[in-house]
Amino acid sequence: MKKTDLKALLDEMTMEEKILQLVQLPGATFEEDAAVTGLSDSQIPENVLRLAGSTLGIFGAEKVKKIQKAYVENHPHHIPLLFMLDVIHGHKTVMPCPLGLGATFDPEVARKGAEVQAKEASADGVHVTFSPMGDLVRDARWGRVVESTGEDKFLNGKMVAAMVKGYQGDDLTDTDHVASCVKHFAAYGGAEAGRDYNNVELSEHTLREQYLPAYKEGIDAGARLVMTSFNTLNGIPSSGNKWLMRYILRKEMGFDGVLISDWAAIAEMKNWGIAESLREAAKLAMEAGVDIDMCTESYYANLEDLINSGEIDKSLLDEAVMRVLELKNDLGLFEDPYRGASEEKAKKVTLTAENRAIARDAVRKSLVLLKNEREALPLKVKRIAFIGPYVDEKELRSSWAISCDSKTTVTIQEAATKFFEKTECKVKFAKGCEMLDNNTDLGFNTFTQENLEAENKKLMAKALEVADWADEVVLCLGEHFAQTGESTSKVNLTLSDAQRKLFHEVSKKSKKLVTLIICGRPLVLDEYIEKSDALMISFRPGTEGGNGIIDILSGEYSPSGKLPMSFPYSVGQEPIHYDRYITGRPKPAEGTSIFTTRYLDCPNEPRFCFGYGLTYSKFEISNVKLDKDILTDDAGITATVNVKNTGRVDATQVVQLYIRDMAGSRVRPIKELKGFERVEVKAGDSVDVSFKITEDMLRFFTIKNAFETEHGKFTAYIGFDSDTENGAEFSY
């Protein structure tokens with residue numbers, strides 16, 4: 001449909017029809033046939049059920065087509081319904097969670113994964129995914145870190161842009177793709193005390209320089225929707241923050257797509273106390289430019305009266321409706337309301353061998369090896385015991401892979417059995433303990449306390465028997481999948497008491513011990529690090545988790561993942577991140593000094609820094625060489641290092657470029673990531689790795705409240721993690 005035709009359609013619509021295009025209803029209201037023509041016993045008015053412009057949570061080609069057919073036929077202008085869904089890191093084929101994708105340091109992995117998700121979801125009738133999440137996260141207490149790609153704005157931006165491109169492709173009418181929604185705008189990851197839905201307090205400098213860039217990358221990549229965040233920002237809820245939405249998002253970032261609230265976020269402005277009523281909340285949201293009200297009555301019950309009374313201008317309604325119509329048009333829904341939804345296609349494109357291979361490759365690249373001594377990995381002994389609650393666990397997804405069937409997941413036991421039956425190795429398996437204790441508040445308890453203790457005692461006895469038999473033990477431990485995600489904030493970044501007890505009892509056997517931790521956030525792992533010969537992190541690996549993990553443990557592939565978030569010594573360090581300020585009283589590298597920035601009982605630095613991760617080989621890196629030492633606006637500097645694999649196996653290393661501004665009009669971070677490259681190096685070989693340093697890499701939000709580059713001295717660091725001191729100075 002042409003733009004002129006859309007304008008003509010808008011002009012023909014009644015005010016009621018326009019307002020209801022801005023209303024999104026939960027999918028449950030459409031589940032019954034009667035819902036599309038009106039439910040007499042529903043609290044939602046019949047006209048809203050008949051004319052609401054979008055819904056979320058419904059998928060399945062047959063169901064979507066049935067609902068869409070009735071909706072279009074009953075709509076006065078035959079405008080199609082939009083179907084949206086949380087396809088966060090998988091529809092049917094589940095990729096590693098976003099934090100795991102961040103660990104790959106490979107935007108192409110993220111793009112391919114999003115492409116798989118889009119193809120599967122679209123065949124099931126989905127038009128829009130509420131992904132990717134561009135939130136910068138630095139506090140592991142916040143459960144939703146699992147949905148972010150980490151603590152660094154540069155890495156997040158590259159991954160967010162890649163996912164947007166994977167979801168949307170080059171043409172939204174292509175039914176192998178879906179529209180992408182960047183969320184949560186803005187600064188949701190900065191919640192006070194790491195507690196979900198909380199206030200965020202940020203200076204404009206920190207907001208602009210650290211928290212906004214990743215969203216901007218997604219918008220520049222063409223994301224068609226943006227979602228408002230639940231939090232307040234400096235005391236103003238995002239859904240009613242006109243400065244944030246109309247000035248920053250629309251004017252400065254140039255976003256002209258659909259802005260949708262998060263679930264009930266408009267109505268919750270009343271809870272916050274910034275609006276006395278839903279009517280006032282609706283007024284604030286419309287003035288801020290929020291186009292779609294997700295799952296509340298705020299818009300449909302109040303907008304008409306607000307317009308008729310002159311409290312908001314009718315033009316605000318028209319511009320919001322036009323954006324929704326344009327999205328539907330760009331998706332091709334006016335020509336094909338079903339947009340390729342097909343039961344036959346869904347069967348062909350879902351959980352295919354190709355999709356699984358992409359997911360498996362992502363798992364391999366996402367695993368982060370933190371320790372490896374006594375040649376514990378890769379596994380080479382004759383008798384291997386896999387022990388722990390994650391040995392045969394199907395729930396390797398996160399709580400935000402809501403549309404998958406976990407029965408299709410490959411467990412560690414299934415993968416190990418298949419792999420080792422082709423070798424001379426013998427394997428045995430034992431659960432060891434239940435994953436959770438009854439003191440974990442997830443809203444459910446599987447056992448009574450007495451039964452839980454009895455069950456764990458029985459499982460422990462079997463585990464120790466299997467450990468006695470083995471030459472090497474792989475302990476498969478971790479968080480329950482429901483312990484990460486929305487509303488899962490924690491103050492104890494540890495595993496359950498039952499798993500801790502299992503670990504200590506098995507470690508007493510003095511066998512080679514490999515500990516695999518499956519989690520959705522950084523954890524405090526001191527005791528596991530000290531008593532394990534090898535320690536590996538898997539961030540909720542998804543459908544092919546078992547296969548990808550065994551690919552690495554067995555040595556078929558060398559690990560190459562890097563930490564996308566710092567792992568602390570103690571929860572008391574949170575929030576913690578590598579790109580911190582040095583302060584006016586820095587703690588000396590050696591020795592002690594009382595009046596410096598320090599803890600009495602803990603280092604300042606994390607236990608494992610951002611960008612850290614080992615391989616099965618060893619690498620050396622040369623000093624940084626610059627082709628010139630003065631950067632100009634029209635000529636960049638090339639920084640080069642030689643990376644040599646001095647070990648015995650071929651491996652991939654992630655080479656990382658960091659830059660430090662030695663002095664500026666505002667205090668500058670000790671270093672900032674500005675580039676990275678994955679390089680495959682055969683044993684004994686070396687490769688040169690170069691990065692181009694350009695003026696735009698040096699820009700920051702200066703004392704003039706503008707992004708500029710200031711003249712001065714800089715240091716370019718190149719290494720294998722954010723702790724690298726391998727640098728060379730240059731000037732601008």
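Note that the coordinates shown come from a computational prediction; the quantities given were computed from them, not determined experimentally. As a basis for the values below, the full set of heavy atoms in this structure was taken, side chains included, without hydrogen atoms, waters or symmetry mates.
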State plainly whether the residues [X] and [Y] are in salt-bridge range, i.e. N to O under 4.0 Å.
X	Y	value
Arg138	Asp579	yes
Glu725	Lys671	yes
Arg648	Glu375	yes
Lys562	Asp721	no
Lys644	Glu620	no
Glu115	Arg111	yes

Residues [X] and [Y]: side-chain donor-acceptor under 3.5 angstrom:
X	Y	value
Glu120	Thr93	yes
Ser487	Asp196	no
Thr408	Asp405	no
Tyr658	Thr724	no
Gln653	Thr615	no
Arg397	Thr409	no
Arg678	Ser560	yes

Just checking [X]: does its [atom1] atom have more than 12 heavy atoms from other residues, nucleotides or ligands closer to it than 6.0 angstrom?
X	atom1	answer
Lys426	NZ	no
Lys112	NZ	no
Glu354	CD	no
Arg500	CZ	no
Lys158	NZ	no

Exercise. Taking it one step at a time, do Cys433 and Lys501 satisfy side chain to side chain contact (heavy atoms under 4.5 Å, CB included)?
Worked result: CA-CA 9 Å; Cys433 67; Lys501 183 177 180 181; over 6 Å; no

For this session: List the steps and the verdict of salt bridge (Lys or Arg N to Asp or Glu O under 4.0 Å) for Lys509 and Asp468.
Result: CA-CA 7 Å; Lys509 297 294 180 180; Asp468 282 333; 3.0 Å; yes

Where the side chain of [X] meets the backbone of [Y], is there a donor-acceptor pair that is under 3.5 Å apart?
X	Y	result
Glu479	Gly520	yes
Lys511	Ala467	yes
Tyr578	Leu673	yes
Asp437	Ala498	yes

Problem set entry | Qualifying residue for side-chain hydrogen bond (donor to acceptor under 3.5 Å, both in side chains) with Arg364, from Thr652, Thr104, Asn547, Asp551 |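 Of the listed options, the one satisfying the test is Asp551.
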
Atom [atom1] of [X] and atom [atom2] of [Y]: how far apart are they, to the nearest 0.5 Å?
X	Y	atom1	atom2	result
Ser566	Arg607	OG	CZ	13.5 Å
Glu455	Glu434	CD	CD	5.5 Å
Ile529	Leu535	CD1	CG	6.0 Å
Asp139	Arg144	CG	CZ	15.0 Å
Thr515	Leu525	OG1	CG	9.5 Å
Phe154	Met159	CZ	CE	11.5 Å

Problem set entry | Positive for side chain to side chain contact (heavy atoms under 4.5 Å, CB included) with Val641, one of Asp688, Asn623, Asn726 |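 Exactly one pass, corresponding to Asn726.
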
Show the nearest heavy-atom pair for residues [X] and [Y], with the distance to one decimal.
X	Y	result
Tyr390	Glu395	CE2-O, 3.8 Å
Asn372	Leu614	N-CD1, 4.2 Å
Gly194	Ser489	O-OG, 2.8 Å
Lys407	Lys394	O-NZ, 3.3 Å

Exercise. Quick one: are the ring centres of Tyr717 and Phe691 less than 6.0 Å apart?
Worked result: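 They do not qualify: ring centres at least 6.0 Å apart.
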
Exercise. Taking the six-membered ring for Trp, are Phe567 and Phe608 parallel (under 30°), tilted (30 to 60°) or perpendicular (over 60°)?
Worked result: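 Perpendicular: the ring planes of Phe567 and Phe608 meet at over 60°.
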
